[in-house]
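Structure first, then comments.
Letters A, B, ... mirror the listed sequences (proteins, then strands); counts begin at 1.
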Amino acid sequence: MNIDHRVIALIDMDCFYVQVEQRLQPEFLGKPCGVSQYYTWKGGGLIAVNYEARDFGVKRGMRGEQAKELCPDFHIFHVQEVNGKANLNRYRDASADVFRVLNANFKLVEKASIDEAYIDLTEDVQKLKDKKLQLTINDFSTTHLAGCTTKIEDERIEILNKWLNDCQLDDEKRNYDLLLGAYLIEQIRKKIKDQTGFFCSAGIARNKILAKLCCGFNKPKKQTIFTQSDIDHIFDKTPVQKIQGLGGKAGERVVELFQVEYIGQLRKYSLDMLQTSMGEKDGCWLFNLIRGIETTPVNNRNLYKSISASKNFPGKTCLDTIDKIRTWCHHLAEDVFNRLEKDRAENKRRAKLLTVICTLATNETITRSCPINEYSIDRFANDTLRILKQYNKNSLTSNIFTPVIHHIGISAGKFLDNINTKSIADLFSKQTTKIETIISTENIINCQEEEEEEDDNEEDNNTEENILEKPTLPIQGDFFRKFQKSDEQTKIQLKSENKTTTSSSSITSFFSRYTSNENILNCSPNKIDDHYITCSKCHKSILIWNMPEHEDFHYAHELQIEENKTNSIIKSSKTIKRKNTNQTLDSFINKKSKI
DNA sequence: CATTCAAGCGGT
DNA sequence: ACCGCTTGA
């Protein structure tokens with residue numbers, strides 16, 4: 001599979017929080033509304049505004065009172081408060097409703113935010129091709145072409161109709177894939193509406209950046225196709241800040257350094273110039289991006305990597321006594337605890353690391369972590385309080401805390417799976433399709449360095465079949481979960497000689513980095529005996545929250561044998577079909593080696 | 001006094 | 001591990 005022959009969609013719920021509230025109170029459908037949190041101060045801050053209200057100039061971030069001035073009929077929904085703190089569970093639950101539909105219909109779905117999902121439709125489109133459907137304009141009632149900006153419905157239909165006939169008759173521009181992708185997305189959007197009640201918009205393109213960009217071209221309740229031939233003329237009018245990842249300081253840097261306003265203006269700069277100013281990696285990314293090439297994979301991930309609760313205490317509301325801090329530690333701990341318990345029941349996993357974030361009056365932000373040994377509100381609260389107290393300059397006997405605190409957050413992460421009974425074969429069998437690991441790359445500039453390969457494995461007695469058929473190897477870390485879910489993308493490397501790339505990463509690079517990382521951890525100042533457990537395989541003392549990775553290390557070691565066998569296959573054939581999986585070990589290792 | 005809360009990623 | 005940046009409702 002060529003990386004720029006993918007079909008990627010980005011689905012984005014329209015003013016999601018408002019729709020969630022309107023689903024509960026349908027009498028507000030069609031009326032200008034918004035959702036705000038903390039209504040006592042100037043009507044709270046608006047975090048979602050529907051399209052009816054946007055017509056009046058109401059915007060996200062505005063105060064509720066200000067919105068009322070612009071639009072007297074504006075209705076404000078308020079975020080639920082628990083213990084005096086905004087609670088977003090209602091929207092998380094609604095999000096789960098949407099993702100249930102997506103996951104039931106597609107294999108490769110990435111939860112990008114509470115209301116956004118990337119879908120890799122490449123395989124779905126290939127399967128659909130075999131059906132040789134004759135699609136008509138009626139299959140695309142909400143579809144727009146990125147290059148067609150008309151507001152007149154008849155014109156949309158005329159131009160889209162011509163385009164769809166063209167690419168069904170002669171697909172020389174390779175647009176037929178995108179057409180089929182758009183067809184699938186028309187259907188899933190209908191399904192989402194039918195099964196959840198929510199409207200959404202979508203973008204369909206060859207990569208995530210383009211899908212994300214064009215999703216915003218026609219909103220709400222519409223979808224947009226971005227073809228490769230749209231790139232130049234649209235990028236010529238696309239402000240740098242509109243590109244995902246360039247909305248902040250990085251984008252400002254681009255504008256300043258290159259004196260450009262629109263992303264397309266960067267085309268006149270060489271790869272070298274971009275890399276000199278932006279760094280090797282970012283420069284490479286930009287150079288490819290403005291030529292329509294962007295290879296970031298859609299990760300198969302539906303679960304949160306962390307669960308957190310935080311609250312600001314601005315101005316006079318700051319926390320200046322131990323009592324106040326203790327109370328809020330407890331409230332935040334309770335929120336995290338409740339969500340962790342739900343997560344544990346649903347996802348059979350446990351968070352192993354608690355991270356406390358606080359901002360002091362000195363304007364410094366502090367982040368400190370400690371292990372989670374059991375889920376308990378009091379444990380979370382006490383751990384948090386203990387960490388915060390380290391920054392109190394006042395006497396231990398006083399209730400006064402200096403410097404005052406303006407923000408506290410508690411985050412739980414480093415999840416460890418409990419599941420330990422599934423066989424490897426079971427896990428692998430979830431993915432049944434092939435992957436082609438050799439990718440044609442005429443257009444792709446890749447700046448990743450070659451990694452040295454080592455051949456230092458002795459035991460070569462485990463065949464791939466042996467490993468795959470071992471039924472009872474316990475799965476404790478999340479290595480296999482990632483593997484099973486095809487979380488990663490095959491690595492591409494440019495070979496300057498013949499302009500072909502091979503998937504050629506080595507497991508050894510993962511090892512070397514992991515090992516050095518371990519050494520650092522073993523001499524870290526946080527070393528407290530309680531936090532260590534002894535690994536049953538290597539008898540090393542390992543920090544409890546590093547066990548998932550440590551277990552990955554062992555599994556990776558065991559599978560290195562398989563890796564070596566695979567490498568020889570890759571080198572000797574153009575494509576490789578792997579039994580019962582569409583992932584190579586490379587793909588996993590690539591991610592790991594970045595840690 | 002004041003967007004706020006939340007999540008992920010990359011650099012070091 | 002910790003910090004800053006980015007994004008989104």
Side-chain angles (χ1 to χ4, degrees), chain A residues 10 12-21 34-50 59-64 66 77 79-81 85-92 94-95 110-116 212 215-216 241-253 279 281-282 285 296 299 301 303-318 332 335-336 339 353 355-359 361 364-371 387 404 406-414 517 520-521 523-527 531 543 545-546 591 594-595:
Chain A
L10 184 273
D12 187 339
M13 309 308 293
D14 302 320
C15 53
F16 186 52
Y17 287 13
V18 176
Q19 285 203 78
V20 173
E21 297 296 339
V35 176
S36 86
Q37 49 190 0
Y38 302 123
Y39 51 93
T40 47
W41 197 71
K42 296 186 179 178
L46 292 173
I47 53 176
V49 175
N50 74 353
K59 289 182 175 154
R60 205 171 64 184
M62 271 182 186
R63 294 287 159 191
Q66 196 184 349
F77 298 104
V79 174
Q80 188 189 15
E81 279 184 37
K85 182 191 162 305
N87 184 296
L88 305 175
N89 285 350
R90 182 177 291 175
Y91 315 109
R92 294 190 183 102
S95 177
E110 174 180 331
K111 185 178 175 81
S113 78
I114 195 162
D115 84 316
E116 277 179 298
K212 169 76 180 168
C215 177
Q241 286 81 4
K242 298 279 182 192
I243 302 294
Q244 171 99 335
L246 299 180
K249 299 196 175 180
E252 275 177 38
R253 226 174 108 74
K281 190 165 163 290
D282 293 348
W285 178 78
T296 309
N299 292 320
R301 181 176 53 75
L303 301 183
Y304 292 111
K305 289 183 173 177
S306 63
I307 288 174
S308 70
S310 65
K311 174 144 178 61
N312 286 351
F313 305 96
K316 216 177 80 181
T317 65
C318 70
L332 294 170
D335 188 3
V336 169
R339 284 153 59 199
L353 187 69
T355 302
V356 176
I357 305 105
C358 87
T359 305
E364 56 183 337
T365 296
I366 286 142
T367 310
R368 292 292 178 271
S369 300
C370 68
I387 286 171
V404 298
H406 284 297
H407 173 89
I408 301 179
I410 302 180
S411 173
K414 294 265 177 191
N517 204 19
I520 291 165
L521 289 167
C523 55
S524 104
N526 283 341
K527 184 156 182 170
H531 302 171
L543 279 163
W545 58 77
N546 284 317
K591 176 163 185 187
K594 285 183 210 150
I595 290 172

Taking only the side-chain nitrogens and oxygens of S113(A), find out if one of them lies under 4.0 Å from OP1 or OP2 of dG8(B). no
Whole-Å distance, I114(A) CD1 to dC5(B) C1', equals 10 Å
Base, sugar-phosphate, or nothing for R90(A), non-hydrogen atoms under 4.0 angstrom? nothing
Sidechain-backbone polar pair: H407(A) side chain, C358(A) backbone, donor-acceptor under 3.5 Å: no
Given the P atoms of dA9(C) and dA2(B), what is the spacing between them in whole Å? 25 Å
Answer yes if the side chains of K414(A) and S369(A) hold a donor-acceptor pair under 3.5 Å, and no otherwise. no
Before giving the answer on side chain to side chain donor-acceptor pair (under 3.5 Å), spell out for Y91(A) and Q19(A) the whole-Å C-alpha distance, their side-chain angles and the decisive distance to 0.1 Å. CA-CA 10 Å; Y91(A) 315 109; Q19(A) 285 203 78; over 6 Å; no
For K85(A) and dA6(B), is the shortest distance between a side-chain N/O and OP1 or OP2 below 4.0 Å? yes
I want to check something: taking the side chain as every heavy atom from C-beta on, are H406(A) and V404(A) in contact at a cut-off of under 4.5 Å? yes
Can you measure N312(A) atom CG to dA6(B) atom P for me and round it to whole angstrom units? 10 Å
L46(A) CG - dC5(B) P separation (whole Å): 15 Å
Under the 5.5 Å and 30° test, is W41(A) stacked on the base of dA2(B)? yes
May I ask you to evaluate whether R60(A) reaches the phosphate of dT4(B), defined as a side-chain N or O under 4.0 Å from OP1 or OP2? no
Could you state the atom-to-atom distance from CD of Q241(A) to C1' of dT7(C) in whole Å? 14 Å
Give the nucleotide from the list dC2(C), dA6(B), dT3(B) with an atom nearest to the side chain of R368(A). dC2(C)
Using a 4.0 Å heavy-atom cut-off across all strands, classify A309(A) as base, sugar-phosphate, or nothing. sugar-phosphate
Over all strands shown, is Y38(A) touching base, sugar-phosphate only, or nothing at heavy-atom distances under 4.0 angstrom? sugar-phosphate
Side-chain contact test, heavy atoms from C-beta onward, threshold under 4.5 Å: evaluate it for K111(A) versus Y304(A) and give yes or no. yes
T317(A) vs A86(A), nearer the 5' end of DNA chain B by closest nucleotide: T317(A)
Among dC1(B), dC2(C), dA9(C), which is the nearest nucleotide to the side chain of K316(A)? dC1(B)
Nearest whole Å is fine: how far is dC3(C) P from E364(A) CD? 9 Å
So if I take every side-chain heavy atom of T365(A) and compare against dG4(C), dA7(B), dA2(B), which nucleotide ends up nearest? dG4(C)
Check: G43(A) main-chain N/O paired with S36(A) side-chain donor or acceptor under 3.5 Å: yes
K311(A) side chain near dT4(B) phosphate (N/O to OP1/OP2, under 4.0 Å): no
Result for 5'-nearest mapping on DNA chain B, choosing between K111(A) and R63(A), is R63(A)
NA contact type, G248(A), heavy-atom cut-off 4.0 Å: base, sugar-phosphate, or nothing? sugar-phosphate
Quick note, D115(A) side chain, CB onward, closest among dC5(B), dG8(B), dA9(C) is dA9(C)
Under 4.0 angstrom between K212(A) side-chain N/O and dG8(C) OP1 or OP2: yes
Check the phosphate of dC5(B) against S310(A), side-chain N and O only, distance under 4.0 Å to OP1 or OP2. Yes or no? no
Closest nucleotide among dC5(B), dG4(C), dT4(B) to the Q37(A) side chain: dT4(B)
OP1 or OP2 of dG8(C) under 4.0 Å from side-chain N/O of Q244(A): yes
Nearest whole angstrom, please: distance from the C1' of dT6(C) to the CD of E252(A). 12 Å
Kindly say if K305(A) contacts the phosphate of dA7(B), meaning a side-chain N or O under 4.0 Å from OP1 or OP2. no
Does a nitrogen or oxygen in the side chain of S308(A) sit under 4.0 Å from OP1 or OP2 of dC5(B)? no
Send over the distance from D282(A) CG to dG4(C) C1', rounded to a whole Å. 15 Å
K414(A) has an atom NZ; how far is it from atom P of dA7(B), in whole Å? 17 Å
It should be established whether R301(A) places a side-chain nitrogen or oxygen under 4.0 Å from OP1 or OP2 of nucleotide dA7(B). no
Please walk me through it: do I357(A) and S310(A) pass side chain to side chain contact (heavy atoms under 4.5 Å, CB included)? CA-CA 8 Å; I357(A) 305 105; S310(A) 65; over 6 Å; no
Please work out if R92(A) contacts a base, only the sugar-phosphate, or nothing of the nucleic acid, heavy-atom cut-off 4.0 Å. sugar-phosphate
